Amino acid sequence: QVQLVESGGGLVQAGGSLRLSCAASGRTFSNYAMGWFRQAPGKERAFVGAISGRGYSTYADSVKGRFTISRDNAKTTVYLEMNSLKPEDTAVYYCAADPRTYLSGSYGSLREYEYWGQGTQVTVSF
């Protein structure tokens, strides 16, 4: 199967930047569609963005223009570049994999993804 491990989280000041990584092990996911989600304290896990196996990406309105998803299939790694961070971006960030190479019509739904990482904490201070 596929195992996903997020890294790159930490503490940053508002307005700063951070890049998260999601590395895969086990079965290759070089062509899998990938999603990023986040869960803030006391809140439900929410969609952040997704990227198809061919590199097409889409984002939630709350992060559009600030966050960018990219992938390096040779390194079996997906990235989430976060810029202009706000305190409300504070959350545990998760990556997820969908064996389908395309983005389904419900790419923002948790149930569309088969594999999940354990998450990495991002804290944005005032």
Side-chain angles (χ1 to χ4, degrees):
Q1 306 294 52
V2 173
Q3 293 82 47
L4 305 175
V5 179
E6 302 93 338
S7 62
L11 175 64
V12 297
Q13 292 184 332
S17 299
L18 203 62
R19 186 168 80 159
L20 306 183
S21 299
C22 175
S25 62
R27 186 167 61 191
T28 182
F29 77 147
S30 60
N31 295 321
Y32 285 16
M34 300 291 296
W36 283 96
F37 294 78
R38 65 186 181 184
Q39 187 165 22
K43 304 294 184 180
E44 295 184 346
R45 194 168 299 185
F47 173 73
V48 174
I51 186 168
S52 75
R54 299 177 66 177
Y56 301 110
S57 59
T58 187
Y59 305 90
D61 288 341
S62 59
V63 306
K64 192 174 298 181
R66 298 189 298 121
F67 291 10
T68 302
I69 300 173
S70 61
R71 66 191 302 157
D72 185 341
N73 290 340
K75 297 181 178 180
T76 63
T77 301
V78 176
Y79 304 95
L80 178 65
E81 179 74 30
M82 303 182 293
N83 300 308
S84 301
L85 283 163
K86 306 174 181 179
E88 50 262 46
D89 294 319
T90 295
V92 176
Y93 283 71
Y94 300 87
C95 66
D98 180 355
R100 296 169 293 188
T101 61
Y102 59 91
L103 293 176
S104 76
S106 300
Y107 56 80
S109 175
L110 276 64
R111 59 173 47 89
E112 294 299 300
Y113 298 88
E114 184 173 347
Y115 305 103
W116 290 83
Q118 295 183 356
T120 185
Q121 177 71 48
V122 172
T123 302
V124 183
S125 66
F126 290 93

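Remember, it's a predicted structure, so these values are computed and weren't measured experimentally. The basis for the numbers below is simple: all heavy atoms, side chains too, and nothing from hydrogens, waters or symmetry mates.
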Check Y94, W116, Y107 against F37 for a ring pair (Phe, Tyr, Trp, His ring centres under 6.0 Å) and give me the one that passes. W116

When hydrophobic residues are tied together by side-chain contacts of less than 4.5 Å, even through go-betweens, does [X] share a cluster with [Y]?
X	Y	answer
V78	Y115	yes
L80	L4	yes
V92	I69	no

Are any non-hydrogen side-chain atoms of [X] and [Y] less than 4.5 angstrom apart?
X	Y	value
S52	L103	yes
L20	M82	yes
Q121	T90	yes

For G35 and Y113, work out which heavy atoms get closest and say how close. N-CE2, 3.6 Å

Please identify each residue that fulfils side chain to side chain contact (heavy atoms under 4.5 Å, CB included) with [X], with sequence neighbours left out.
X	value
E81	S17, R19, T68, N83
S57	I51, Y59
D89	R38, R66, F67, L85, K86, Y93, V124

With sequence neighbours excluded, residues passing ring-ring contact (aromatic ring centres under 6.0 Å, His included) with Y79: none

I need the full list of disulfide (SG to SG under 2.5 Å) pairs touching residues 71-126, with sequence neighbours left out, sorted by first then second residue. C22-C95

Holding to salt bridge (charged side-chain N to carboxylate O under 4.0 Å, His left out), I want the full list of residues that pass it with R54, two or more places apart in sequence or in another chain. none

Taking S125's backbone N and O only, do any of them form a donor-acceptor pair with Q13's side chain (distance below 3.5 Å, no angle check)? no

Check whether more than 12 heavy atoms from other residues, nucleotides or ligands sit under 6.0 Å from atom CD of Q118, and answer yes or no. no

So for atom CD, which belongs to E88, do other residues, nucleotides or ligands contribute more than 12 heavy atoms lying within a distance under 6.0 Å? yes

Distance check, rounded to the nearest 0.5 Å: E112 atom CD versus R100 atom CZ? 4.5 Å

